[in-house]
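Presented below is the structure to which this report refers.
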Amino acid sequence: MPKMTDAASETGADRSERINNEVRNPAWKKPPRRIESAECITCDSCVRSCPAEFGAIFDSGLRVVIVPELCSGCPKCVAVCPVDCIYVDDEYQSTGHDMWNLVRSNEQMPR
């Protein structure tokens with residue numbers, strides 16, 4: 001996995017840098033969120049509520065997914081979820097290449 005440069009980690013790295021480097025901002029103190037797929041009704045309320053500077057939630061066909069490297073842990077998605085299926089993810093794993101490909105393809109589309 002690519003590493004963030006010292007300069008990027010000092011500035012907190014913006015979203016595009018986090019996408020390019022596939023790493024989470026080390027300055028974020030809160031753990032990322034995760035969506036429990038078995039409970040999710042795929043309403044996309046969380047996708048619409050995620051602040052653009054994070055843009056961490058993606059509709060991946062039949063599932064809605066939070067990319068932990070892009071998620072600051074803010075509670076905006078939790079507040080709008082009608083079925084309370086979004087949880088703190090203290091044990092998150094690195095995002096796989098297929099999901100990063102989806103993230104990068106979405107970057108080409110206007111928000």
Is Y92 reachable from V67 through a run of hydrophobic residues whose side-chain heavy atoms are each under 4.5 Å from the next?
no
Under 3.5 Å, side chain of R15 to main-chain N/O of L70, donor-acceptor pair present?
no
I'd like to check E22 versus T95 (side-chain heavy atoms, cut-off strictly below 4.5 Å). Are they in contact?
no
Is there side-chain contact between F54 and K76, with heavy atoms separated by less than 4.5 Å?
no
Answer yes or no: is there a side-chain heavy-atom contact under 4.5 Å between D44 and V64?
yes
OG of S72 to CZ of R33: how many Å apart, nearest 0.5 Å?
8.5 Å
Following the transitive rule for hydrophobic clusters with a side-chain heavy-atom cut-off under 4.5 Å over Ile, Leu, Val, Met, Phe, Trp and Tyr, establish whether V80 and I86 coincide in one cluster.
no
Roughly how far, to the nearest 0.5 Å, is the CZ atom of R48 from the SG atom of C43?
6.5 Å
Test side chain to side chain contact (heavy atoms under 4.5 Å, CB included) applied to D89 and I66, step by step
CA-CA 10 Å; D89 191 0; I66 297 177; over 6 Å; no
Are L102 and W100 connected in the hydrophobic side-chain network, where two residues link if heavy atoms are under 4.5 Å apart?
yes
With a 4.5 Å limit on heavy-atom distance, are the side chains of Y87 and E36 in contact?
yes
Can you see which heavy atom on C40 is nearest to which on V83, and at what distance?
CA-CG2, 4.4 Å
Rounded to the nearest 0.5 Å, how far does CD of E69 lie from CD1 of I19?
10.5 Å
Please step through side chain to side chain contact (heavy atoms under 4.5 Å, CB included) for the pair L62 and T42, ending with a clear verdict.
CA-CA 7 Å; L62 298 175; T42 321; over 6 Å; no
Does some side-chain heavy atom of C74 sit less than 4.5 Å from a side-chain heavy atom of K30?
no
Check whether any side-chain N or O of R18 sits under 3.5 Å from a backbone N or O of N25 as a donor-acceptor pair, and report yes or no.
no
To the nearest 0.5 Å, what is the distance between CD1 (I35) and CZ (R63)?
9.0 Å
